[in-house]
Each structure stands twice: as structure tokens, then as C-alpha cells.
Visitor: 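To start, I am sharing the structure in question, which I have written as C-alpha cells.
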Amino acid sequence: MAVRVGVLGATGAVGQRLIQLLDPHPEFEIAALTASESSAGKTYRQAAKWRANSPIPDDVASMTVSATDPDEVPSDVDLLFSSLPSSVGETVEPGFCEAGYVVSSNSSNGRMDDDIPLVIPEVNADHIDLLEVQRDERGWDGAMVKNPNCSTITFVPTLAALEEYGLETVHVATLQAVSGAGYDGVTSMEIIDNAIPHIGSEEDKLETESKKLLGSFDGAELTLNDVEVGASCNRIPTIDGHLENVFVETAEELSPAEAAEAMREYPSADLHSSPDQLIEVFEDPERPQPRLDRTLGNGMSISAGGIRESTFGLQYNCLAHNTMRGAAGASVLNGELLLENGYL
Ligand SMILES: NC(=O)c1ccc[n+]([C@@H]2O[C@H](COP(=O)([O-])OP(=O)(O)OC[C@H]3O[C@@H](n4cnc5c(N)ncnc54)[C@H](OP(=O)(O)O)[C@@H]3O)[C@@H](O)[C@H]2O)c1
């Protein structure tokens, strides 16, 4: 029987992607939708300015949106996917966990907390058991798992593939799509014919979240990876798909051919939303490109290319779909991992 799930922040950009991924889904069934007070009480069709590239599923369109409050969500809902602004998530997500709901969240609040698992299932699925520590420490009947920032998800799987060579320093520059800022994030006057060399707090997220994702968990405590990561983030006028330029220095010598092989062979996960091939590696140095390659693996694959030796170690480019692999798809995948590991 399908697990009954809800979406917090269901009317937003990521919320709409979540609905696309969850209806239909073989393991989950949408049973609750929440948004702000201004949407509460309306049908989803009335409340959401639907911009996804497929129609609103009929059963979802007629559902009533409720306020984002644990008292408004049916108690037989087991799992909540949260795509709330982080300022809102910080205030309301813990209340849902206290009330017994398991939350798979996109919002950045709490991602670096010692007892909150930050998970990409293909990279660090074992960190999910940090939930045992979380329940002991917080006394929650529910639980909270986070997925990383969209630009962190893009390059960390490629680093995980190279980890056996001993990661020492990583420099990454991002070229991020406008959808990453939400619908109202960047105006057309700001971004057309332009690039913006700053995205608030983004560099810090890449630099810290990557160390947590690549860290080790011994069943009681999580130790951050000691790789040094430096990031520089740019907004560019693409709609979807974050492209990143990465320089990696490793303890052991690593040729471009070895790096390509390690990325190609890096395993995917045995979960419904995991792509068959996690990292697609191109020989053509002009790929990956956002418009051409962001939907590989239903938007859940990472792609890489242009692998070469440089003055600062190995250099390559990588790409991921920011609202699929980087947001909604990442949360759904964590929901599938929670189910597989008996947390639902
Ligand atoms: N876009 C991306 O690529 C991306 C990638 C990774 C992570 N994220 C993260 O995902 C989250 C959502 O991003 P988004 O782009 O989907 O944002 P968005 O389009 O602005 O949607 C925000 C959602 O939250 C609801 N909301 C706003 N204020 C609220 C309040 N006070 N109480 C309850 N609900 C409230 C909105 O409801 P109303 O419609 O009623 O206002 C809407 O459903 C953010 O934390 C963002 O940082 C986004």
C-alpha cells in the first residue's frame, strides 16, 4: 500500500516539481498540500500559479490547500516533503517532527546541524541512520532529513567518484540557472544579456555541505571530510541546469582517463528515482551543456566532461538539473531511502 505523503510549500516552484514526481509514484500517494495563509482554503488549481510543463494532475487540482500547521495535516500522513523558504522552514519544520511526521526537506535551515542527516542516497546513504541519534537527542516521534543545496548536489557525486585518490583541494565556479532563485528571484531586467557574480550565502553552502556529505558516520557521530573546498557562484540566463567548473587536487596521481572511468563506474542507488547511470561522462569537451543535457536520466543524472590535466590538478565541468536532481527529485529520493530503511 502506498505511503500517504504531503507537500509543504506545494504551490511554489519546487512544490510543483514535487507534485509532478509524486503523481503518480509507485510508493507514495499525495494526501496533503500546504502553503501560506493566502493560499489556505483554496483548491490547488486556484492557489498555484502552475508553470510546470505538464497539466496539474486532476486529483491534485481539486484538493484543498491547507495552512502549514501540523494541526491542519491529517495524522495518517507519514511523510512530508518540504519546499518552504528556509526562514519559514526554520520556524515550522521542527513542529511537524515533534508532532510525529517524518520530513524530507529542501530548505537550507538545519542542513549543517550535527544530528540532521544531509543525504544524497548514491553518495552517503549510511548517514540516514543519524536519525537514531536525532530521535535520542531531540525526543521527536518524527524525524528530519535534508537534501543539499542544488549547486552542491551537482559536483559532490563527481568528487565522491574520485575519493579513492585522496581529495585534497577543490575549487568550483558555478554558472547557475535562474530557476534556482524561484519564480520571483531574479527579474528579466537583471539577468537578460547579463551574469550576476554573486548569489547570497551560496559559496558557503558548497564549501560546508560538501564536507558533510563526504564525511564519515560511525553510528554515533559524523566526522566532516577534511577536503578544502573553495567556491565562486554566478547566476546566468539559463532557465534550468547548473553548470560548474571544477579543479581537484588529489593525494594520488589521477589521469583524465582514470577520472572518467571512476565517474562512469560510480554506482547509482537501487531506488525508484535513481537514474541507471548516475554520472554520464562526455568525451566531447563542449558537453555537458544545460539546454542539451539537463534532462539526462529524467533529470536525475549528473553529467561531466572536458576532463583534463591543468596547473591546479584535474579540471572538468559538470551539470545537474537544479529543480529535479537539485531539489524536488533529491527530496523524493530521500523519501524512498527513508522507506527502504524502515523509517516510514
Ligand atoms: N528552486 C530551486 O532550484 C531550489 C533548489 C534547491 C532548493 N530550493 C529551496 O526550496 C525551497 C522552495 O523554493 P521555491 O523556489 O519553490 O520557492 P517559491 O517558489 O517561492 O515557493 C515557496 C512556497 O512556500 C510557501 N510559503 C511561503 N511563505 C510561507 C509561509 N509563511 N508559510 C507557509 N508557506 C509559505 C509558498 O506558498 P504561497 O504560494 O501561498 O505563497 C510556496 O508554496 C527554498 O527553501 C529554496 O531555497 C530551491
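When a ligand or atom number is given, it counts from 1 through the structure's own listing order.
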Visitor: Taking atom types as modelled, find out whether Ser151 and Glu244 have a side-chain donor-acceptor pair closer than 3.5 angstrom.
Guide: no

Visitor: Indicate yes or no for a side-chain donor-acceptor contact from Asn106 to the backbone of Ser331 under 3.5 Å, with no hydrogens or angles considered.
Guide: no

Visitor: Thr34 and Ser66: side chain to side chain contact (heavy atoms under 4.5 Å, CB included), yes or no, with the steps?
Guide: CA-CA 5 Å; Thr34 84; Ser66 49; 3.9 Å; yes

Visitor: What pair of heavy atoms forms the shortest contact from Ser105 to Met144, and how long is it?
Guide: CB-SD, 4.3 Å

Visitor: Give a table of atom pairs where an N or O of ligand 1 lies under 3.5 Å from a protein N or O.
Guide:
from, atom 1, to, atom 2, distance (Å)
ligand 1, 1 (N), Ser179, O, 3.0
ligand 1, 3 (O), Asn322, ND2, 3.3
ligand 1, 16 (O), Ala13, N, 3.1
ligand 1, 16 (O), Val14, N, 2.8
ligand 1, 19 (O), Ala13, N, 2.9
ligand 1, 34 (N), Ser36, N, 3.3
ligand 1, 37 (O), Thr11, OG1, 3.2
ligand 1, 37 (O), Ser36, N, 3.4
ligand 1, 39 (O), Thr11, OG1, 2.5
ligand 1, 40 (O), Ser36, N, 3.1
ligand 1, 40 (O), Ser36, OG, 2.6
ligand 1, 40 (O), Ser39, OG, 2.5
ligand 1, 41 (O), Ser36, OG, 3.4
ligand 1, 43 (O), Gly9, O, 3.1
ligand 1, 43 (O), Thr11, N, 3.2
ligand 1, 43 (O), Thr11, OG1, 2.6
ligand 1, 43 (O), Gly12, N, 3.1
ligand 1, 45 (O), Leu84, O, 2.7

Visitor: Considering only heavy atoms from C-beta outward, does the side chain of Gln16 approach that of Tyr44 to under 4.5 Å?
Guide: yes

Visitor: Between Arg287 and Glu280, does at least one N-O distance fall below 4.0 Å, as a salt bridge requires?
Guide: no

